[in-house]
Each structure stands twice: as C-alpha cells, then as structure tokens.
Amino acid sequence: MPVLLKRFIYSNLKNYTLYKFPALIGRGNIQQEKIMSEVRLRFPPSPTGYLHIGGARTAIYNWLYVKKHNGRLILRIEDTDVERSTKESIDGIIDGLNWLGITWDEGPYFQSDYIQEHIAAAHTLISTGHAYKCFCTKEVLDVKREAAVAAKATYQYDRSCLHLTPEEITLKEAQNIPHVIRFKVPEGDGSVVFEDKVYGHIEKSYKDIEDFVIIRSNGTPLYLLSNVVDDIRDRITHVIRGQDGLGNTPRQILIYEALGAPVPVFAHMSLTLDPQKRKISKRSHGEVVTVQFYKENGFLPWALVNFLVLLGWSPASDQEIFTPEELIDIYSLEGMNKANSIFNYTKDDPKFITDPKALSINAHYLRTMPIADLIPLVKEELIAADLWDTAYAGEKKEWFGNTVDLIRSRFHILKDFSGPGRAYFSDTYEMDPKPVKKNLEKFEHIREWLGLLAERFEHLADFSREETERATRELADELDIKAGILINGTRTVVTGQAAGAGLFDVLMAIGKDRLVARLKKFSAES
RNA sequence: GUCCCCAUCGUCUAGCCAGGUCCAGGACACCGGCCUUUCACGCCGGCGACACGAGUUCAAAUCUCGUUGGGGACGCCA
C-alpha cells in the first residue's frame, strides 16, 4: 500500500513531522528535558488480520504501564512482511485494540515507511566499524551450518568476510557479487549485561553471539535492526514484550550501543501457553485465541482485559476484579510472574467455550455491573440476533431493565441473552429437550392441566406475582398434584428452559398475554 | 549441539528478594451442604501443591549446588 494512502487512511499527518525529525523538537531546554524524561512505550504488532490474546496481553501491560506513569503509548505496525500487510489485516489489529479499550497516543506508524532509515543506520554502523559487508553466499553458509549440525557442533558464522581489505571489497562489488551486512559483535571475553525488570540480571557472552545479519543481500533490513532504529526514533524508554524477545535483547543492546543511543529499560513477560505447554496460535487453536472470538461470543471487553492481565501478573493482594482505575493504580512490573502461564482451554468442551476463569470473570461482571451499563451491551446483542424492539428503549424501557436484571445471574456471556434468554424477547424459541422430557412428557395430562392453568391466569383480575402463585397452587390442590408439576411445566413451556428465575417473577416478565397464549398453544398441541 | 530463562493445588496465583508467624493463603474448576418445589446467584464446608536430591542453618517453599522437567533464542522471519 502506498505510504501516502496509509497516512490518509489513518489521518496521522499531524504527527509525521515530529517523528520524522526528532531534532526539531525541544530546541528549548525545558521542553527537551521534559521529552527526555517522558515515559514512552510501544506496541508493535505485525499485521495478521486479528489480534491474538497473547498480543492483547502485551498491549495491555504496555498500556497499563503508560497510564500508570503518565507516559505515551505508540502503536507501530511492523508491516515489513508485505504480503500479509493489507489494510484489512491492519484493521483487524486496530479493531481488537479499540474493542478492548486499549488506547494509544501516537500512531499507528508503519515500519515500512522507515526502511531507508534502517538501511542508513546499517551504513553508519559500517562507517563506525560496527558492521561489515559479507559476500558469503547463503548456499555456502547453509552447507557449513549443516556440516556443523551433523557433527553436533555449534555453528556460528566464521567471520571470513570480516577482514576483507577495502580493495577486495571494491573488487567483489565491481563483480556484482551480492552481499549482506553483518553486525560486528565485540571480540574478547566481555559480555552484554542488562537488568531486566522482570527477569533480573541477564548476561550474555560476546562469544555466544554470532555476527548477525542486519541487511539482506537484496538490500532490505532485518527485524533486529529495524526494530531498534524505530525504537530509537520513537524515543522508546521502556520495552515490555514477550519472553521470546529475551534472546534478542543482547544483540539489540549491541546495536543501541553501536549507534550511540540510550538503551531502554527492558521488561520481558512470561508467555501464555496451551495446556500442552505449546505456544498458542490461531493455526493450531483456532478462533479462541483471537480477541475477535471474545467480541463475537459476548464477552465484556473489560472482563477479557481483567482475565488477561491476571495471566502472568498479580497484585500484592488477593484482589482479582478491578476497575480500570484500580488496575492502573495497582499495576506494577514487580508483580510480573517469571514462569509461563497456561491458557486453560479444552477444545470441544460444551460447558466451557474458553478458559473457565475467563468465563467466570465475565459472568461476574455480567451479574454485578450497574444495570445501566449492561443494557447497551444487551441491546447490541439483541440487535445482532434480530431480537431488538425499539420499544425496549422507549415505553418498555423499565420492563427491559427489570427483565435483564432478572435473568442475568444465570448467564455467563452476552450471547446468553439471545440464547437461553430468547423467550423473553421473542415468541419463537427453542425448547430444551431435557426439561421437555422431565417436566412435560413425563406427565400424561400435562397439556390439559396447563390449559386449565392458562384459563385461570387469563381470568385473573389482578395479574400479579402473588395472584399467579395463588392460582397455581389452588389449581394444583384441585387437581391433587404437586404445585411443582405446574410450576416446572409452565417454566418449560413459557421459556423453553430447565432453569430460570423464580417462576412467578418469570411470569411477570413474560406478561399475561404472552403467558396465556403460550400455555394455550401448548395445551392445544397433541 | 550452544546459550538463556523458568519450576507452589488440575488451572491462575500469594508467600521467596530481607529463612521461623506456612503441616503453605486466595481465585477458578470440581465435590458436598444451606437457600430454592427449578436452576443459578449467594453463603458454608471439602478435595487439592512447595518437581527431585544434596548442602547451609537451631530452623528452608524461601539461600546454594546438582538432577529432572518445561519454555525460549541460536534464520538473508517478525
């Protein structure tokens, strides 16, 4: 996608000058100081078309840190893999973040806009003696590597091109022999040392790091370099990323140092694995690992955030449910767990569509949040299920609120309002076979009985909770059957469900007309 | 193969850095009870873990070493 088009789409022009020419900022000392001390983090997803829950977790921690420290969050799309980088796949990520409520202060920036800058940095490294051109072909190197692997030996690039004379280099270039640019790792017994905010003291010997490639033979930069150059330009002060980045860090620190740039604070977070301790991926686990799945299945965005933040982090207390403000206030890198955590998902479990804890947190919010906050979400769900009636926001507003409140304690996800809760909002609903068998088919005369009950209800002068109950029990006495038979039978017919709120509350929510009609219809069937 | 990281109930975790108050606390899940002529919520209770082995110490989940197990990095992927 052309650069200008992208900028147009994301209306990001106002930031362009600033990040492109950071030297323009802060001519005044005070401003300079303020900018230098500003906490700046970034979330750099590569466009995959969807936001992965692992990525979301990373974004959440970055966002929390920023909010806590009055910093700025930069969204940077690492779109150098051109094939995957369509507008749709970028939007998938952005939609996910928006839905979760993860906000950013700058961007999205696009890594692909800075390729020339990355290349320029590589040439700077050559001129300062921190990098060199390597003319070894991939084929030759592959042979060497395979030989080393076969001999069970450690393979590292043998630096055959490190000591090429300027004449040799000129000659090879004149012959059009393609070359890569390799970073020259310092020699000697030294090591790269840094203090990770989560993992603590990390040390890696120079001799265990090979001279890694930073520019491909086709002239394009590699991630390790691009990422650092972008972070320097974006003046990133803290890098919070997955533990899989821990191995990259020493090499990246070498680049920072060679470029004479300040090294940011690193905080690596544990990974989220599946119950088999495999990395979770959409490919092997399907939709459950995408944020989109939770949106489509009626999760409350904040409940997902609340669940995700607990996967690898905990406050010093036993608190597990947080408002955004509480979480921002209490969040600290100190609470990050070093051990990987498991996303406890069982495929094809009808009872748990995702990690049970995620469900329980969602259910908790569903039944405890202010009803006024829940109503718009239920409305959305009903609209999606084609069950919304504009009267619910008008003359039936009170009824709607009461009904939502009545049925929510049994629900786990918003979808339940249109699923098990459908009978409250529609006259067409499924009959759950289990209660049909248990509460209806078991009784030979149930149609007759419920027909009689329908008539009692119909002629009730006062259709109230008390009167419907009285009428029901009275009829049960007359028929010499247990009231429970009429109660459970009625619930089954009227809601299609085995479970529900107290029947007479249910009847008030369904209303006299619908109640009588449903019972009579059932009674007339045979 | 080399290097790095990690290790508490089934799962998420507290405790570990500053050893005793921990025969290890909370949450989810599961089981039982109360409530309810349904089910859920709620409440009460139960089940359930310091990977293993040495060492240091009067004392170790906590400190040290080793073993085992797991994860990650070693690409002209990001």
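By convention in this document, chain letters (A, B, ...) are assigned in the order of the sequence lines, proteins followed by strands, and residues within each chain are numbered from 1.
Nucleotide B:U37 holds its P atom 17 Å from the CZ atom of A:Phe443, rounded to whole Å. Atom-to-atom, NZ of A:Lys351 to P of B:C28 comes out at 13 Å; the value is rounded to the nearest Å. At whole-Å resolution of the value, CG in A:Leu311 and C1' in B:C6 are 16 Å apart. A straight line from OH of A:Tyr155 to P of B:C3 spans 18 Å, rounded to a whole angstrom. Taking atom CZ of residue A:Arg408 and atom C1' of nucleotide B:C39, one finds them 18 Å apart after rounding to whole Å. The nearest whole Å value for the distance from the CD1 atom in A:Ile361 to the C1' atom in B:A27 is 9 Å.
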Applying side chain to side chain donor-acceptor pair (under 3.5 Å) to A:Tyr365 and A:Asn306, what does each step give before you reach the verdict? CA-CA 10 Å; A:Tyr365 279 105; A:Asn306 197 144; 2.5 Å; yes
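Across the C1' atoms, B:G33 and B:C47 are found 15 Å apart, a figure rounded to whole Å. Taking atom P on both nucleotides, B:A54 is separated from B:G70 by 23 Å, rounded to a whole Å. Comparing the C1' positions of B:C16 and B:C63 gives an interatomic distance of 10 Å, to the nearest angstrom. B:C35 and B:A40 are spaced 15 Å apart, taking the P atom of each and rounding to whole Å. With P as the reference atom, B:A49 and B:G66 are 29 Å apart, rounded to whole Å. For the C1' atoms, the distance linking B:A24 with B:A61 amounts to 8 Å, nearest Å. Rounded to the nearest Å, the gap between the C1' atom of B:U62 and that of B:A78 is 39 Å. When the P atom is compared between B:U64 and B:G20, the two are found 15 Å apart, to the nearest whole Å.
A:Ala339 comes within 4.0 angstrom of sugar-phosphate atoms only, judged by non-hydrogen atoms across all strands, and of no base.
Set against B:A78, B:G71, B:U37, the side chain of A:Leu271 has B:G71 as its closest nucleotide. Taking every side-chain heavy atom of A:Leu222 into account, B:A78 is the closest of B:C6, B:C74, B:A78. The listed nucleotides are B:A7, B:U37, B:G25; the one nearest the side chain of A:Asp318 is B:G25. The A:Ser360 side chain lies nearest to B:C28 when the options are B:C28, B:U37, B:A78. With distances taken from any side-chain atom of A:Ser341 to the nucleotides B:C30, B:U13, B:A78, the minimum falls on B:U13. Of the candidates B:U37, B:A73, B:C3, B:C3 carries the atom nearest the A:Lys204 side chain, counting heavy atoms from C-beta on. With distances taken from any side-chain atom of A:Glu210 to the nucleotides B:G75, B:A78, B:C28, the minimum falls on B:G75.
Ring-centre distance between A:Trp302 and A:Phe322: not below the 6.0 Å cut-off. Separation of the A:Tyr199 and A:His268 ring centroids does not fall under the 6.0 Å cut-off.
For A:Asn337, a side-chain nitrogen or oxygen approaches OP1 or OP2 of B:A14 to under 4.0 Å. Of the side-chain N and O atoms in A:Arg216, one or more sit less than 4.0 angstrom from OP1 or OP2 of B:A78. Not one side-chain nitrogen or oxygen of A:Lys338 sits closer than 4.0 Å to the OP1 or OP2 atom of B:C5. Between A:Arg491 and B:U37, a side-chain N or O to OP1/OP2 separation shorter than 4.0 Å is absent. A sub-4.0 Å separation between OP1 or OP2 of B:A14 and a side-chain N or O of A:Ser314 is present. Between A:Arg367 and B:G42 there is a side-chain N or O to OP1 or OP2 distance below 4.0 Å.
Ring pair A:His179/A:Phe135 is tilted by interplanar angle, where 30° to 60° counts as tilted.
Along RNA chain B, the nucleotide nearest to A:Leu246 and the one nearest to A:Leu310 differ in position, and the one closer to the 5' end is contacted by A:Leu246. Taking the nucleotide of RNA chain B with the nearest heavy atom to each of A:Phe343 and A:Arg410, the more 5' of the two is matched to A:Phe343.
With rounding to the nearest 0.5 angstrom, the CE atom of A:Met431 is 6.0 Å from the CG atom of A:Leu440.
Between A:Gln497 and A:Thr492 the shortest side-chain heavy-atom distance does not fall below 4.5 Å.
For the residue pair A:Thr249/A:Arg241, the side-chain donor-acceptor check at 3.5 Å is satisfied.
Side-chain N/O atoms of A:Glu320 and base N/O atoms of B:G26 include a donor-acceptor pair closer than 3.5 Å.
When Watson-Crick and G-U wobble pairs are counted only if both distances are under 3.5 Å, B:G1 pairs with B:C74.
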